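First the structure, in the form of structure tokens, and then the observations on it.
Hydrogens, waters and symmetry mates are skipped; everything else that's a heavy atom, side chains included, is used. So that the names make sense, note that chain A is the first sequence line, chain B the second, and so on, each numbered from 1. Predicted model, so just to flag it, every value in this text is computed and none were measured.
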Number of protein chains: 2
Amino acid sequence: MEHRNHALCQLTASLRGQDEEKLRQVLELLFFAYRDFTGEADAVLADFGFGRAHHRAIYFIGRNPNISVSDLLGILKITKQSLSRVLTQLIDEGYVRQETDSTDRRRRLLLLSDKGVALERQLTARQCRRVIGAFENAGIDSVSGFRAILRAIIDPEDRHRVGRREAGPQVSETRRLVG
Amino acid sequence: MEHRNHALCQLTASLRGQDEEKLRQVLELLFFAYRDFTGEADAVLADFGFGRAHHRAIYFIGRNPNISVSDLLGILKITKQSLSRVLTQLIDEGYVRQETDSTDRRRRLLLLSDKGVALERQLTARQCRRVIGAFENAGIDSVSGFRAILRAIIDPEDRHRVGRREAGPQVSETRRLVG
DNA sequence: AAAATAAGGCAGTATTATTGACTTATATGC
DNA sequence: GCATATAAGTCAATAATACTGCCTTATTTT
């Protein structure tokens, strides 16, 4: 065990009791949990001929109705071309609608159709079921710590993307910066 | 907000106070946290001409020295062909060594070379640094809940893969079933 | 000797992603 | 009004990761 600790010992020195073994277990928990968390939705998506990229697009369009393409790119952090293929499919098959922004006619605002809402809900319900099961299994007391650490793992400049909502109408990010 | 709750209300009924908004925030925390957690290692891997699949193979070989190919497949849950390409590259470039199991000469036992250990450590150190930072940021009190819920998200039949180690020599899973 | 297992290979395909260059439409600043 | 910037979309080429199905070889087990 000693021979493993060279590169990591400085890191772990800052946290008493957090030895390499425990840290590695956390890396593994993240790997397996995320794999199983997404795997369930992947199975549903396959029935529709879609993949995980479609899911992400559907999810964030549903979550941010009237989002613009560039704002969606900002959330997903993929290239325009990657999103384009996915979005074209979703629009062609009637899951997503596009409308021109009346105040800036360059922008295309994205919305889920009824069909899209139904699919989004099906996917989200599955994932929520797993999360709720985990909350019940581990105990509700664990939830706040779970959320706090997940949030802290996220790059600081993206933490605002999850949070204190309950808010009013969705406004474009770029708009928000301007006024 | 009301129109969104049909599919999920039965689910949430089982947890008082866990409304759809909070559940969705958890889904999003998982998405962003995992993206940033893996993104850092991805950047290092790109310098070596490798991808995330190489990382997973290196990680679990490092973690389970002398693991057999089929046991590694059991952990990664990918097809033999998918692993094969990655493994061939890693062996050709000298990050992974293969040795024939002396007790069952059909099996190839996988080991990291010194080069492989160095790369594994570099990748793991980055991810640990992020996790430690999150622990410090969110507070150590949050850690046990974080771990408990991640574990509970994992499919029950795979939870044994992360855990109470500190154990003795690695033994093949299939062997373990037999003896 | 027959059957099962472990590993590996081959061919073909799909999905998700990348980069770079380019067009069109629209908006904004001077 | 003209120049510039922005939003969106598109084309072509490429790469990584994954899949299915089928087959071979070596070795072990029954």
- [ ] Would you work out how much the helix from dA1(C)-dT30(D) to dC30(C)-dG1(D) bends between its ends, with each end axis defined by five base pairs, to 10 degrees?
- [x] 30°
Collect all protein-nucleotide pairs involving nucleotides 4-6 of chain D in which both atoms are nitrogen or oxygen and the distance is under 3.5 Å.
from	atom 1	to	atom 2	distance (Å)
dT6(D)	O2	Arg106(A)	NH1	2.7

Open item on the list: Once rounded to the nearest 0.5 Å, what's the spacing between atom CG of Asn66(B) and atom CZ of Arg108(B)?
Closed with: 14.0 Å
Open item on the list: Measuring from atom CG of Leu83(B) to atom CD1 of Ile78(B), what distance do you get when rounded to the nearest 0.5 angstrom?
Closed with: 5.0 Å
TODO: Let me know the distance between CG of Leu83(A) and C1' of dT15(C), rounded to the nearest Å.
DONE: 15 Å
Check nucleotides 20-23 of chain D against the protein and report each pair of N or O atoms closer than 3.5 Å, with its distance, or say if there are none.
from	atom 1	to	atom 2	distance (Å)
dG21(D)	O6	Gln81(B)	NE2	2.9

- [ ] Provide, to the nearest angstrom, the distance between the CG atom belonging to Asp42(A) and the P atom belonging to dT17(D).
- [x] 17 Å
- [ ] Could you tell me whether Asp42(B) and Arg126(B) have a side-chain N and a carboxylate O separated by less than 4.0 Å?
- [x] no
Open item on the list: Taking Val69(A) as the starting point, is it possible to reach Leu111(A) by hopping between hydrophobic residues whose side chains are less than 4.5 Å apart?
Closed with: no
- [ ] Using only heavy-atom distances, decide whether a donor-acceptor pair under 3.5 angstrom links the side-chain of Arg108(B) to the base of dA6(C).
- [x] no
Task: Whole-Å gap separating P (dT15(C)) and NE2 (His55(A)) - done: 17 Å
TODO: Give the intermediate values and the outcome of side chain to side chain donor-acceptor pair (under 3.5 Å) for residues Arg52(B) and Thr38(B).
DONE: CA-CA 8 Å; Arg52(B) 202 173 292 177; Thr38(B) 54; 3.2 Å; yes
Open item on the list: Using a 4.0 Å heavy-atom cut-off, does His54(A) contact any base of the nucleic acid, only the sugar-phosphate backbone, or nothing at all?
Closed with: sugar-phosphate
Task: Position toward the 5' end of DNA chain C (nearest nucleotide), Arg105(A) or Gly51(A) - done: Gly51(A)
TODO: Please report, rounded to the nearest Å, how far the C1' atom of dT28(D) is from the CZ atom of Arg107(B).
DONE: 11 Å
Task: Electrostatic pair Arg121(A)-Glu20(B), nearest N-O below 4.0 angstrom - done: no
Task: Arg35(B) CZ to Leu30(B) CG distance, which is reported to the nearest 0.5 Å - done: 13.0 Å
Open item on the list: I'd like to know if Lys77(B) and Asp158(B) make a salt bridge, using a cut-off of under 4.0 Å between side-chain N and carboxylate O.
Closed with: yes
- [ ] Just compare dA27(C), dT27(D), dA7(D) and give me whichever is closest to any side-chain atom of Asp104(B).
- [x] dT27(D)
Open item on the list: Could you see if Tyr95(A) belongs to whatever hydrophobic cluster contains Leu109(A)? Use Ile, Leu, Val, Met, Phe, Trp, Tyr and a side-chain cutoff under 4.5 Å.
Closed with: no
- [ ] Would you indicate what Arg85(B) reaches in the nucleic acid, counting non-hydrogen atoms under 4.0 angstrom: base, sugar-phosphate, or nothing?
- [x] base
TODO: Would you mind reading off the distance between Leu73(B) atom CG and dG8(C) atom P, rounded to a whole angstrom?
DONE: 10 Å
Task: Ion pair check, Lys22(A) and Asp19(A), cut-off under 4.0 Å - done: no
TODO: Would you classify Gln98(A) as touching base, sugar-phosphate or nothing, given that sugar-phosphate means primed atoms plus P, OP1 and OP2, and contacts are heavy atoms under 4.0 Å?
DONE: sugar-phosphate
TODO: Classify the angle between the aromatic ring planes of Phe146(A) and Phe135(A) as parallel (below 30°), tilted (30 to 60°) or perpendicular (above 60°).
DONE: perpendicular
Open item on the list: Whole angstroms only, please: what is the CD1-P distance between Ile67(B) and dA6(C)?
Closed with: 13 Å
- [ ] Nearest-nucleotide wise, let me know which of Ser102(A) and Ala53(A) is further upstream toward the 5' end of DNA chain C.
- [x] Ala53(A)
Task: Whole angstrom value for the distance that separates C1' of dA6(C) from CG of Leu72(B) - done: 14 Å
- [ ] Nearest whole angstrom, please: distance from the P of dG9(D) to the CG of Leu90(A).
- [x] 13 Å
Open item on the list: Looking at Arg56(B), I'd like to know whether one of its side-chain N or O atoms comes within less than 4.0 Å of OP1 or OP2 on dA18(D).
Closed with: yes
Open item on the list: Apply salt bridge (charged side-chain N to carboxylate O under 4.0 Å, His left out) to residues Glu21(A) and Arg63(B) and explain how you reach the verdict.
Closed with: CA-CA 10 Å; Glu21(A) 171 63 28; Arg63(B) 190 75 161 127; 3.0 Å; yes
